[in-house]
Every structure is written in structure tokens, then in C-alpha cells.
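In what follows, a single structure is set out as C-alpha cells and then discussed.
A, B, ... follow the sequence lines: proteins, then strands. Residue 1 opens every chain.
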Number of protein chains: 2
Amino acid sequence: MNLSPLTQAFVLHFGEMGSRWGINRTVGQIYALLYIAAEPLCADDIVEKLGVSRSNVSMGLRELQAWNLVLLKHLPSDRRDFFTTPDDVWQILRTLAEERKKREVDPTLSVLREILMQKPADEGERHAQARMAEMHGLIEQLTTWYDDVKKLETDRLAMLLGLGARVTKILEVKDRIVSIGRQRAPTEKGRAP
Amino acid sequence: MNLSPLTQAFVLHFGEMGSRWGINRTVGQIYALLYIAAEPLCADDIVEKLGVSRSNVSMGLRELQAWNLVLLKHLPSDRRDFFTTPDDVWQILRTLAEERKKREVDPTLSVLREILMQKPADEGERHAQARMAEMHGLIEQLTTWYDDVKKLETDRLAMLLGLGARVTKILEVKDRIVSIGRQRAPTEKGRAP
DNA sequence: CTGAATTTTCAGTAATTTCTGAAATAGACG
DNA sequence: CGTCTATTTCAGAAATTACTGAAAATTCAG
């Protein structure tokens with residue numbers, strides 16, 4: 001591995017973390033390298049810096065492209081492919097969330113839904129289905145929230161994060177306002193949209 | 001594998017998902033089995049239902065205990081260990097979040113901090129550090145938010161989720177309220193805590 | 001077209017991870 | 001203490017996953 005110590009520490013860490021996720025060490029290292037590189041890199045740059053085979057780099061880049069985590073660039077009068085990561089870390093986070101949802105959450109929801117369609121054969125299956133329904137409900141609540149907040153522009157999202165639990169304080173204020181509103185229309189039962 | 005088709009589909013899916021995370025197939029299957037079981041199971045129950053070796057189950061249970069995902073129960077006048085998962089799916093989610101943070105996020109933050117302490121040797125390292133600082137900032141924002149909302153009771157948290165992006169609408173209301181307040185004290189510069 | 005540069009594919013090998021069976025350990029109970 | 005039951009440990013086998021080198025495919029300038 002042909003990297004400065006500072007860079008190497010980062011790249012090695014992402015290699016480790018990569019194996020802890022579904023992606024392998026080399027893929028993690030390639031990503032880390034592209035993330036911190038000042039300029040787009042071509043495959044041979046990566047081969048040289050990481051000391052792995054050309055074919056391994058090719059496969060790793062392909063996987064990163066499948067994850068939408070890298071951008072392909074072309075320099076004028078150079079046939080080689082150059083790669084970068086998006087500049088905006090929030091955008092990277094969004095992509096990561098979206099891809100993990102697609103790979104992990106959606107298939108799980110679909111399996112749960114399928115099983116919940118079936119009729120339980122006995123008390124054990126009845127209980128199992130009830131548990132699965134609980135899990136399904138939780139995941140659906142989370143993904144509904146996610147689908148909702150992912151539409152926010154980044155600065156709004158950051159603001160929301162910054163508020164954290166203090167949002168509930170504001171909600172209390174809102175509840176007071178709403179309840180004052182209710183005093184004028186005490187028969188109303190539903191909530192405001 | 002000695003399970004009803006309905007149960008088996010669930011268990012097999014969690015086995016697959018397990019390998020997609022850091023945990024292995026058997027561990028995923030054991031967890032799934034305990035999650036849907038109506039009663040606590042002992043190791044030999046699991047051996048029988050999953051058709052894997054006793055030692056494999058022992059190791060799998062140990063890993064699940066390390067993740068705080070299973071509870072150990074003892075029945076009166078029975079020396080065997082029985083295992084369950086917590087009933088409350090929100091509690092399970094919290095545990096999962098906490099453990100993954102501990103294993104994935106905290107080490108990353110610590111590596112980033114360590115690298116950011118060093119002095120960059122050249123322009124490349126300067127740029128690399130700037131990128132790492134961006135990543136560090138993002139992760140810190142996310143974990144600050146997480147540390148904040150994890151303290152909420154479950155019903156509050158569920159309410160927040162239910163609101164989703166609509167929270168920003170309420171924030172706009174709040175902003176108006178605050179700005180009305182400002183008209184009385186126009187020199188104030190900071191924000192309310 | 002040709003051919004040089006670049007990238008991809010893939011069969012085989014290496015490395016890693018998972019799983020097992022046998023043996024060791026732990027502890028309850030007479 | 002010895003025995004019986006339950007659990008853990010661990011060395012090696014089995015399975016899976018990652019990696020490589022060689023060959024094939026693709027791309028594009030001339």
C-alpha cells in the first residue's frame with residue numbers, strides 16, 4: 001500500500017468497516033481513497049495506491065457504481081475512466097440511506113407482507129404472525145418517516161437535526177395553540193392535515 | 001430445518017439478512033426464531049428446529065447476548081437456560097441502534113478525530129483532512145441528534161415520526177411566533193434556548 | 001479496418017469465515 | 001466426592017467469499 005500514513009489510517013479503517021457491512025475490504029478502501037482524493041482517480045491510480053490487482057479494482061468500482069456511490073468522469077483527450085465521490089456529504093448520506101433501504105428494508109417488508117397474507121395453521125403460527133405484524137408496523141412507520149424527511153432540502157434537514165428532542169417542546173406549544181383553536185369549534189374530532 | 005412453512009420463510013429471510021449485516025446466517029436465524037416464539041426456547045430446542053450443531057447454537061447465543069438482543073430466563077426446577085427477545089419492538093430498535101452505533105459509528109469518529117489532530121504534510125493531506133472534517137461534522141450532527149431523541153419515551157418518538165416532514169410546517173409557525181416576540185425586543189440577537 | 005489502450009470477465013486459488021464433533025468445563029445434587 | 005446434566009471451547013473440516021492473472025471484450029484513433 002502506497003499511501004501517506006495519514007491517508008493510510010483512513011483507508012484501512014474504511015476497509016475494516018467495509019467488511020463489517022456487506023461490502024468487502026477492497027471496496028471500502030477504494031471508496032475511502034476516492035472520498036479523500038483531491039482529484040478524480042483512474043483505476044491504475046488505485047491499483048498503485050492500494051497495491052491490489054487491476055481486476056480487483058475493476059470489480060470494486062463496479063460494485064461502488066451499483067451503489068451509486070461514485071461518479072464517472074472523463075478528462076478531455078484521455079480514454080481512461082476517472083472516478084470521484086460526490087462533494088456533498090449530505091448527498092452521500094442520502095444515497096447510502098436509499099441504497100440500504102432498497103437492499104435491506106424493502107425485501108424484509110415484502111417478505112413480512114407475504115407471510116402475513118397466509119392463514120395461521122395453529123396457535124404458534126398465530127402468535128408468530130402477530131409478532132411479525134408488530135415488526136412490520138414498526139418498519140413501516142420508520143420508512144414512512146424516512147420517505148417524508150428525505151424530501152427536505154439539506155438546510156431544513158440540518159435544522160431539524162439541530163433541534164433534536166427540543167422539537168417536542170415546540171410541539172407542546174403547538175398543542176396549546178391547537179387546543180385554543182378547539183375552544184371555538186369544540187365538536188371537531190379529526191386533526192388538521 | 002424443522003419448522004412450519006410460515007415460520008421457515010421468516011427464519012430463512014433473517015438468515016439471509018444476517019449475512020448482509022456483520023452477523024452470520026445462523027445467528028440471524030436464531031434471533032428470528034426467538035423473536036417469533038411464543039415461549040422461551042432452550043439451546044436444544046433451537047438445535048432441533050434449525051438443524052445445526054449444538055456448539056453452533058451456543059456460539060450464536062453468545063453473540064446475541066453480546067449484542068444485548070436476547071434475554072436469559074430460568075424456569076423453576078430446570079437447570080437449562082431459556083432465551084427470549086424483548087416484547088417491545090421499539091426497545092429492540094433502540095438496542096439495535098445503540099449497539100450499531102457502538103460498533104460502527106464510535107470507532108469511526110475516534111479514527112477521524114485522531115487523524116484530524118495530525119498536521120498535514122502537503123496539499124494532498126490538507127485536502128484529505130478537510131474531507132475527513134466534513135465527514136466528522138456530519139456524523140457528529142447525526143449522533144448528537146440521536147443521543148437527543150433516544151431519550152424520548154416511545155409514544156413521543158412515535159408522534160415525532162408520525163409528523164415527519166410536517167414538523168417543518170410547525171417550525172414555520174414557531175418562527176412566526178418568535179418573530180412576533182422579537183418585535184418587542186428588536187435588539188436581541190441570539191436564539192431562544 | 002487495424003491495432004493499441006483500456007476495461008471486463010472468469011476460472012482457479014487464496015484467504016476468511018462458519019460450522020462441527022469431541023473434549024473440557026461448570027455446577028447441581030445426593 | 002462422584003455423577004449427571006448443561007454449556008463452552010477449540011482444532012480442524014467445510015463452505016463461502018475475496019482476489020489474482022490470463023484471456024477476452026470493448027473502445028477509439030488513425
Give one of base, sugar-phosphate or nothing for [X], where a contact means two heavy atoms less than 4.0 Å apart.
X	result
A/Asp81	sugar-phosphate
B/Arg79	base
B/Arg62	sugar-phosphate

Atom pair distance, as rounded to whole Å: [atom1] in [X] and [atom2] in [N]:
X	N	atom1	atom2	result
B/Glu16	D/dA15	CD	C1'	14 Å
A/Met59	C/dT9	CE	C1'	8 Å
A/Leu64	D/dA18	CG	P	13 Å
A/Arg20	C/dT16	CZ	C1'	16 Å
A/His74	C/dT6	NE2	C1'	10 Å
A/Ile46	C/dT8	CD1	C1'	15 Å
B/Leu50	C/dT18	CG	P	16 Å
B/Arg54	C/dA24	CZ	C1'	14 Å

Among D/dG21, C/dT6, C/dC19, the nucleotide that comes nearest once only the side chain of A/Ser53 is considered: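 In terms of side-chain proximity for A/Ser53, the closest of D/dG21, C/dT6, C/dC19 is D/dG21.
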
Spatial distance of atom CZ (B/Phe10) from atom CG (B/Leu3) [nearest 0.5 Å]: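 Reported to 0.5 Å precision, the distance equals 11.5 Å.
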
5'-most by nearest nucleotide on DNA chain C - A/Ser19 or A/Leu61: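 Checking each residue's closest nucleotide, the 5'-ward one belongs to A/Leu61.
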
Position toward the 5' end of DNA chain C (nearest nucleotide), A/Ser55 or B/Gly51: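 The residue whose closest nucleotide sits nearer the 5' end is A/Ser55.
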
Just checking [X]: does its [atom1] atom have more than 12 heavy atoms from other residues, nucleotides or ligands closer to it than 6.0 angstrom?
X	atom1	value
B/Glu114	CD	no
A/Lys73	NZ	no
A/Gln91	CD	yes

Phosphate contact (C/dT18 OP1 or OP2) by B/Asn56 side-chain N/O below 4.0 Å: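 B/Asn56 to C/dT18 OP1/OP2: no side-chain N or O under 4.0 Å.
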
Distance test, side-chain N/O of A/Arg80 to OP1/OP2 of C/dT7, below 4.0 Å: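 Looking at the OP1 and OP2 atoms of C/dT7, neither is under 4.0 Å from any side-chain N or O of A/Arg80.
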
Sub-4.5 Å side-chain heavy-atom contact between A/Glu104 and B/Arg20: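 Touching, per the 4.5 Å side-chain cut-off.
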
